[in-house]
K.L.:
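Sharing a structure, written as structure tokens. Questions coming.
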Amino acid sequence: MKTSLQGRVAIVTGGTGGIGMAICRQLADSGARVATNYRSEEKLKKAQEAGKGYAFYFFKADVTDFDSCKQFVEAVEKDVGPVDILVNCAGITRDTTLRKMTREQWDSVLTTNLDSVFNMSRHVVQGMTDRGFGRIINISSVNGQKGQLGQTNYSAAKAGMHGFTMALAQEVARKGVTVNTVSPGYIATDMVMAVPEDIRKQIIAQIPVGRLGRPEEIACVVDFLCAPEAAFITGADISANGGQHMM
Ligand code: CAA
């Protein structure tokens, strides 16, 4: 599928990860100029390698930090242009059952996965409504929809993302800005490959399609939501989980 995003400027947070990089590539293939952030030089190198052949704009920014996000958005606007599309894809896991979970494990997942959505959206929303066009897409998870043993922190943050989506969608609906959630299931990325193999096999056995998803299968949903033709879809939570959880 090809969508025309010619002339659009997109920010994808977490572009150094598997799904984030696939989204960066897909939006660039559709014609957008794409900016993303990185946390460490090591992650930057890996992302540059994965994004070979693409002219991505990389900025060092910490999505857990409100001021860092402000500077990130300002730098993109100065170097690339006004932001039309924001994809909040930065996320981490710190899996463990609640009885063992530390305050640090809770805080780090909530700040990276949920606070980041506020920190980034807050700095782009005014420009989008002023210009009468915008797309904000929050990458949540099947585990935000159904919960997952060992992920009280992650499931809470991911469910929270969709609450944010539905509220902001109502605030900006009349201004040409849509806000949607995409909820991937288990996708073949480093994050999922970090789940112990025996547990991962049990999870795959519960997926009707019978395999892990591919990052590109999430990126095409995001691309579709960015299109002008998707203007009537807002406040939605679109699942792409191989049938693992049907709502
Ligand atoms: N149902 C009920 N109870 C279960 C169970 C199940 N399916 N599986 C395990 N348990 C029980 C165990 O028996 C144990 O109970 P007891 O102590 O009474 O025996 C308890 O749950 C687990 O205790 P542990 O001390 O072993 O748990 P832990 O704190 O070491 O955590 C875990 C284990 C890390 C959570 C491990 O189970 C795990 O990795 N699970 C996978 C979690 C997962 O799916 N993560 C997704 C990561 S990828 C991602 O998040 C991307 C995305 O969006 C999809």
Side-chain angles (χ1 to χ4, degrees), residues 12-24 26 36 39 43 46-47 50 63-64 87-117 120 136-165 180-222 225 236-247:
V12 180
T13 69
T16 57
I19 296 178
M21 177 49 69
I23 294 170
C24 289
Q26 176 67 61
T36 188
R39 277 177 303 159
K43 292 232 170 197
K46 219 179 128 193
V63 295
T64 68
V87 184
N88 288 305
C89 188
I92 59 167
T93 53
R94 293 290 181 270
D95 293 356
T96 189
T97 50
L98 185 69
R99 61 187 174 166
K100 290 192 203 161
M101 190 173 288
T102 63
R103 181 77 216 201
E104 200 280 324
Q105 287 171 320
W106 173 265
D107 285 343
S108 58
V109 170
L110 269 289
T111 54
T112 306
N113 299 13
L114 184 57
D115 288 5
S116 60
V117 175
M120 288 300 300
I136 297 178
I137 297 162
N138 295 321
I139 307 300
S140 179
S141 166
V142 64
N143 292 344
Q145 297 170 322
K146 70 169 188 58
Q148 170 66 24
L149 187 149
Q151 289 200 307
T152 48
N153 48 5
Y154 187 86
S155 299
K158 293 296 189 181
M161 286 174 95
H162 188 54
F164 179 99
T165 290
N180 289 290
T181 299
V182 175
S183 289
Y186 282 73
I187 308 299
T189 60
D190 291 348
M191 184 184 272
V192 166
M193 297 322 269
V195 174
E197 195 183 352
D198 53 330
I199 296 176
R200 203 171 60 238
K201 280 190 172 150
Q202 287 170 27
I203 291 169
I204 295 171
Q206 295 160 10
I207 303 174
V209 167
R211 61 170 173 84
L212 295 175
R214 290 187 281 272
E216 294 72 24
E217 291 172 320
I218 304 307
C220 75
V221 181
V222 173
L225 290 171
D237 183 358
I238 301 186
S239 300
N241 61 36
Q244 187 186 0
H245 181 66
M246 302 182 188
M247 300 174 69

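Read the numbers this way: they start at 1 and go in the same order the structure lists the ligands and their atoms.
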K.L.:
A side-chain contact here means heavy atoms from C-beta on lying under 4.5 Å apart; do Gln145 and Asn241 qualify?
P.N.:
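A side-chain contact exists here, since the closest heavy-atom pair is under 4.5 Å.
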K.L.:
Identify, for atom 37 (O) of ligand 1, the protein heavy atom at the shortest distance, and state residue, atom and that distance.
P.N.:
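Scanning the protein heavy atoms, the shortest distance from atom 37 (O) of ligand 1 goes to Ile199 CD1, 3.4 Å.
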K.L.:
Show which atoms of ligand 1 fall inside a sub-4.0 Å distance from at least one heavy-atom site of Gln148.
P.N.:
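Listed by number with element: 42 (C), 43 (C), 44 (O).
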K.L.:
Give a yes or no answer on whether the side chain of Thr111 reaches the backbone of Ser108 with a donor-acceptor pair at less than 3.5 Å.
P.N.:
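Side chain of Thr111 to backbone of Ser108, a donor-acceptor pair under 3.5 Å: yes, one is there.
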K.L.:
Which of the numbered atoms in ligand 1 are under 4.0 angstrom from any heavy atom belonging to Asn143?
P.N.:
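Atoms satisfying the 4.0 Å criterion: 54 (C).
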K.L.:
As a test of the contact definition, would atom 44 (O) of ligand 1 count as having a protein heavy-atom neighbour under 4.0 Å?
P.N.:
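It does; a protein heavy atom is within 4.0 Å.
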K.L.:
Taking heavy atoms and a distance under 4.0 Å, where does Thr96 meet ligand 1: side chain, backbone, both or neither?
P.N.:
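For Thr96, backbone and side-chain atoms both sit under 4.0 Å from ligand 1.
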K.L.:
Are any non-hydrogen side-chain atoms of Ile204 and Leu212 less than 4.5 angstrom apart?
P.N.:
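Yes, close enough: below the 4.5 Å cut-off.
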K.L.:
Kindly say whether Ile92 contributes a backbone atom to a donor-acceptor pair with the side chain of Asn113 at under 3.5 angstrom?
P.N.:
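Yes: the side chain of Asn113 pairs with the backbone of Ile92.
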K.L.:
Measure the CD1-CD1 distance between Ile187 and Ile139 for me, rounded to the nearest 0.5 Å.
P.N.:
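It is 10.5 Å, given to the nearest 0.5 Å.
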K.L.:
Return the residue, atom name and 0.1 Å-rounded distance of the protein heavy atom closest to atom 51 (C) of ligand 1.
P.N.:
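Minimum-distance protein heavy atom for atom 51 (C) of ligand 1 reads Tyr154 OH, 3.5 Å.
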K.L.:
If you apply the rule side chain to side chain donor-acceptor pair (under 3.5 Å), what do you find for Thr181 with His162, and how did you get there?
P.N.:
CA-CA 6 Å; Thr181 299; His162 188 54; 2.8 Å; yes
K.L.:
Taking atom CG of Asp198 as the centre, does the number of heavy atoms from other residues, nucleotides or ligands within less than 6.0 Å exceed 12?
P.N.:
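Atom CG in Asp198 is packed in, count exceeds 12.
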K.L.:
Other residues, nucleotides and ligands only: do more than 12 of their heavy atoms fall within 6.0 Å of CZ on Arg200?
P.N.:
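More than 12 heavy atoms, drawn from other residues, nucleotides or ligands, come within 6.0 Å of this atom.
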K.L.:
Find all atoms of ligand 1 within a distance of less than 4.0 Å from any non-hydrogen atom belonging to Ser141, and give their numbers and elements.
P.N.:
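Selected atoms, number and element: 52 (C), 53 (O), 54 (C).
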K.L.:
Only heavy atoms count here, so choose which of Gly185, Ser155, Gly150 is nearest to atom 35 (C) of ligand 1.
P.N.:
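When every heavy atom of Gly185, Ser155, Gly150 is considered, Gly150 comes closest to atom 35 (C) of ligand 1.
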K.L.:
Quick one: look at Gln151 and ligand 1, take heavy-atom pairs under 4.0 Å, and tell me if it's side chain, backbone, both or neither.
P.N.:
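The part of Gln151 near ligand 1 is the side chain, not the backbone.
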K.L.:
Given side chain to side chain contact (heavy atoms under 4.5 Å, CB included), test Val192 with Thr189 step by step and report yes or no.
P.N.:
CA-CA 5 Å; Val192 166; Thr189 60; 4.2 Å; yes
K.L.:
Measure the CG-CE distance between Asn88 and Met120 for me, rounded to the nearest 0.5 Å.
P.N.:
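Going from CG on Asn88 over to CE on Met120, the span is 6.5 Å.
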K.L.:
Going by the order shown, which atoms of ligand 1 are within less than 4.0 Å of some heavy atom of Pro196?
P.N.:
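So the answer, numbered in order with elements, is 39 (O).
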K.L.:
Closest non-hydrogen protein atom to atom 18 (O) of ligand 1, residue and atom name please, with distance?
P.N.:
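Of the protein heavy atoms, Arg99 NH2, 4.3 Å lies nearest.
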K.L.:
List every atom of ligand 1 that sits less than 4.0 Å from any heavy atom of Thr93, numbering the atoms from 1 in the order shown and giving each element.
P.N.:
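The list of qualifying atoms is 50 (O).
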K.L.:
Evaluate whether atom CZ of Arg103 has more than 12 neighbouring non-hydrogen atoms of other residues, nucleotides or ligands under 6.0 angstrom away.
P.N.:
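For Arg103, atom CZ is not crowded (no more than 12 foreign heavy atoms under 6.0 Å).
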K.L.:
Give the atom numbers and elements of ligand 1 that come within less than 4.0 Å of a heavy atom of Ile203.
P.N.:
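Taking each heavy atom of Ile203 in turn, ligand 1 has 44 (O) under 4.0 Å.
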K.L.:
Any protein heavy atom under 4.0 Å from atom 33 (C) of ligand 1?
P.N.:
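So atom 33 (C) of ligand 1 lacks protein heavy-atom neighbours under 4.0 Å.
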K.L.:
Heavy atom under 4.0 Å from ligand 1: found in Val195's side chain, backbone, both, or neither?
P.N.:
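The answer is the side chain of Val195.
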K.L.:
Does Lys46 have more than 12 heavy atoms from other residues, nucleotides or ligands lying within 6.0 Å of its NZ?
P.N.:
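It does not: Lys46 NZ has 12 such atoms or fewer within range.
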K.L.:
Let me see the working for Arg94 and Met101 under side chain to side chain contact (heavy atoms under 4.5 Å, CB included), right down to the final yes or no.
P.N.:
CA-CA 9 Å; Arg94 293 290 181 270; Met101 190 173 288; over 6 Å; no
K.L.:
Out of all atoms in ligand 1, which are within 4.0 Å of some heavy atom of Lys100? Include the element for each.
P.N.:
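Selected atoms, number and element: 24 (P), 25 (O), 27 (O), 28 (P), 29 (O), 30 (O).
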K.L.:
Just need the protein heavy atom nearest to atom 48 (S) of ligand 1, so name the residue and atom and give the distance.
P.N.:
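Here the nearest protein heavy atom works out to Val192 CG2, 3.7 Å.
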K.L.:
Is there a heavy atom of Arg200 sitting under 4.0 angstrom from any atom of ligand 1?
P.N.:
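In this structure, Arg200 fails to qualify as a contact of ligand 1 - no heavy atom is under 4.0 Å.
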K.L.:
For ligand 1, which is the ligand I care about here, please tell me if Thr97 has any N or O atom under 3.5 Å from one of the ligand's N or O atoms.
P.N.:
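Yes; at least one N/O pair falls below 3.5 Å.
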K.L.:
Atom 10 (N) of ligand 1: which protein heavy atom is closest, and how many Å away?
P.N.:
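Answer for atom 10 (N) of ligand 1: Leu149 CD1, 3.8 Å.
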K.L.:
Under 4.0 Å from atom 13 (O) of ligand 1, is there any protein heavy atom?
P.N.:
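Under 4.0 Å from atom 13 (O) of ligand 1, zero protein heavy atoms found.
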K.L.:
At a 4.0 Å threshold, what atoms of ligand 1 neighbour a non-hydrogen atom of Asp95?
P.N.:
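Matching atoms, with element in brackets: 34 (C), 42 (C), 43 (C), 45 (N), 46 (C), 47 (C).
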